[in-house]
Protein chains: 2
Amino acid sequence: MVTSITSDAVRERCAHCPGRSHSICNVIDDDDLPILVAESARVQVAKGRAFIEEGAPAHEFYVLTEGRVKLFNLLPDGRRQIAGFADCGDFLGLAAVDHYAFSAEAICDVTLCRFSHSGIERLTQRFPHLEHRLRDEASRELTIMQRRLVLLGRKTARERLATFLIEQSLPPCCTASDLLEKEEKPIKIKLLMSRTDIADYLGMTIETVSRTLGVFKKEKLITVQGVTAVTLLAPQRLRAIAEGNG
Amino acid sequence: MVTSITSDAVRERCAHCPGRSHSICNVIDDDDLPILVAESARVQVAKGRAFIEEGAPAHEFYVLTEGRVKLFNLLPDGRRQIAGFADCGDFLGLAAVDHYAFSAEAICDVTLCRFSHSGIERLTQRFPHLEHRLRDEASRELTIMQRRLVLLGRKTARERLATFLIEQSLPPCCTASDLLEKEEKPIKIKLLMSRTDIADYLGMTIETVSRTLGVFKKEKLITVQGVTAVTLLAPQRLRAIAEGNG
DNA sequence: TAAGTTCCTTGATCTAGATCAAAAATTATA
DNA sequence: TATAATTTTTGATCTAGATCAAGGAACTTA
């Protein structure tokens, strides 16, 4: 019985999907999930593998359901700019007209739901508010981009790294300084990417990243355990630096 | 007779609108324009006036119908990053979640069509493909943003300015290197913004902009008549520099 | 557990582009 | 048309961050 197979797929695919709640799928009722699943394919990508290639014809969208991905652009001589890191639930592929404007590579083993453009077309026909949700997603991304331009165009290394640390300390979806706590209680974060990735994200070199972290340590703004574990000792102070009041 | 008043408004507002053909309005049939007009208000903004304020609650969208606008962000100490220059037909306001992520200021006297979010809501309800058109607009903007990140994060002053000149030499809508002509015939362009604006757009200082133009002159890559008129003597060569093959 | 990789940090030096300063060109005003 | 204000160019100097070059840590793999 086809229906039961489909709902099995849904149970498997969506029921425990950690992205479900804040991905675009959150505008689809549970009852309608089979329709969504029918238009999507689960894809696994191994750590280090690219699955979107800048300049390639854009025929697909992706919802990241497990793992982490970096989005980037390359110059012919290898200079790299990382546009962002995608987390669980993030939607990939909007930055494309006919061709992808970026490449995407798995930072760790990754699971995705792949939707063809035509599939999404059918879905938006059926669920008009999905189209609105996609626009919303794009607006959210544009907002983030806007802040990144300021960071790359006008901020100092110190300000960039402070921005990055604060950004990493915020819960995934709340991109802005929504939850601005006044108190200076330490925040523990885990840096889930290499120094090279951080440097390419912030438009600087690994040496400057390392040195600036060193400065923050000396100023008792942070503490570093090993390489990836960082404790923000004075988040408000860091936030001030990030905004340019250093 | 109400209908006739409305169609008068349309005749006046849309019939000769230079933005009509490539703005979002191009998905609305001429016959339906009165509905569009009913949801919009014509706004005039004087040169130098800001009409969108970063951080202000976002309740409106704008279609630029006449003139030129700069979109920017400020840091508290006055450092400025210009995200882009909007031309006739451009749609403004997508980079906002609840609050605008940018400020917008008229470079010259400007005319806009203002739509409230709720008005657009009603229009997308009535014309579902308008919603798709808005997403498309957002995708286009995201594509541009992606390239800007590379420029600001990884390109040299020389590369930035070459990119800018090439960009300015392309017709308004064709953002990419769509029309890549192989021949090296000179292209005349007019820079419609001040050196300060160019600098803030490219993430550099006016002095570096000026000096780099000087270098290009010496290298016979360009010729400058007065301050605003520039002739690209070797567009292909400039394009190569822009891409990082300088 | 050791040896090889790879990644990160730290130090020394260099340089692209910023800053500071002033002259030249352009635009505005009277 | 002269003069003042503004904008742009050019020059001299400085510096934030890049580059070059070793050491150390931290993972791999055998």
Side-chain angles (χ1 to χ4, degrees), chain A residues 46-48 70 75 77-82 107-108 151-165 190-219 222-230 241 244 246, chain B residues 46-48 70 75 77-82 107-108 151-165 190-219 222-230 241 244 246:
Chain A
K47 173 174 176 169
K70 59 186 165 198
L75 286 173
D77 63 358
R79 276 174 288 172
R80 188 176 63 155
Q81 179 59 47
I82 295 185
I107 292 181
C108 53
L151 181 138
L152 294 175
R154 288 308 186 198
K155 286 188 181 178
T156 65
R158 188 178 163 77
E159 290 162 354
R160 290 176 200 211
L161 201 69
T163 307
F164 173 72
L165 291 173
K190 267 244 178 283
L191 302 181
L192 303 165
M193 66 292 284
S194 68
R195 293 290 188 268
T196 304
D197 282 354
I198 297 174
D200 285 350
Y201 179 62
L202 299 178
M204 41 206 258
T205 60
I206 48 169
E207 291 94 332
T208 304
V209 168
S210 198
R211 265 187 263 273
T212 308
L213 281 173
V215 172
F216 284 169
K217 267 194 272 186
K218 227 170 272 171
E219 295 179 0
I222 64 170
T223 267
V224 183
Q225 298 82 43
V227 178
T228 59
V230 178
I241 294 168
Chain B
K47 173 175 178 170
K70 59 186 166 199
L75 286 172
D77 63 359
R79 274 174 289 172
R80 188 176 63 155
Q81 179 60 47
I82 294 185
I107 291 181
C108 53
L151 180 137
L152 294 175
R154 289 306 186 201
K155 286 189 181 177
T156 65
R158 188 177 162 78
E159 290 161 355
R160 290 177 201 210
L161 201 69
T163 308
F164 172 73
L165 291 174
K190 266 248 178 279
L191 302 181
L192 303 163
M193 65 292 284
S194 68
R195 294 289 187 269
T196 305
D197 282 354
I198 297 173
D200 285 350
Y201 179 63
L202 299 177
M204 40 205 259
T205 60
I206 47 169
E207 291 94 332
T208 304
V209 168
S210 195
R211 265 187 264 271
T212 308
L213 281 173
V215 172
F216 285 170
K217 268 193 273 186
K218 227 170 273 171
E219 296 178 1
I222 63 169
T223 267
V224 183
Q225 298 82 41
V227 178
T228 58
V230 179
I241 295 169

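The analysis underlying the following values was restricted to heavy atoms, covering all of them including side chains, and did not include hydrogens, waters or symmetry mates. Worth saying up front: this structure is predicted, and the values here are computed from it rather than measured.
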Over all atoms of both residues, closest heavy-atom pair of B:Leu192 and B:Ile107: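 What the structure gives for the nearest pair is O-CG2, 3.7 Å.
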Side-chain-base donor-acceptor pair under 3.5 Å for A:Arg195 and C:dT10: no
Can you find an N or O donor on one side and an acceptor on the other, under 3.5 Å apart, linking the side chain of B:Arg211 with the base of D:dG11?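 Flag set: donor-acceptor pair detected.
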Of the listed nucleotides D:dT9, C:dG11, C:dG17, the one nearest the side chain of B:Thr208: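 Selected nucleotide: C:dG17.
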Sorted by position of nearest nucleotide on DNA chain D, 5' first, the leading residue of B:Val209 and A:Val227 is B:Val209
Could you check B:Lys217 against A:Lys155 and say which one's nearest nucleotide on DNA chain D is further toward the 5' end?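 Result of the comparison: B:Lys217.
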Output the rounded distance in Å from [atom1] ([X]) to [atom2] ([N]).
X	N	atom1	atom2	value
B:Met204	D:dA16	CE	P	20 Å
A:Gln225	C:dC8	CD	C1'	16 Å
B:Ile206	D:dT7	CD1	P	10 Å
A:Leu161	D:dG17	CG	P	11 Å
B:Arg158	C:dA16	CZ	P	12 Å
B:Glu207	D:dT13	CD	P	16 Å
B:Lys218	D:dT9	NZ	P	13 Å
B:Arg154	D:dG17	CZ	P	13 Å

Any side-chain heavy atom of [X] within less than 4.5 Å of one from [Y]?
X	Y	answer
A:Arg158	A:Phe216	yes
B:Leu161	B:Ile241	no
B:Thr196	B:Arg80	yes
B:Tyr201	B:Val209	no

Taking OP1 and OP2 of D:dA18, is either one under 4.0 Å from a side-chain nitrogen or oxygen of A:Thr205?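 The answer is yes; a side-chain N or O of A:Thr205 sits under 4.0 Å from OP1 or OP2.
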Under 4.0 Å between a side-chain N or O of B:Ser194 and OP1 or OP2 of D:dT7? no
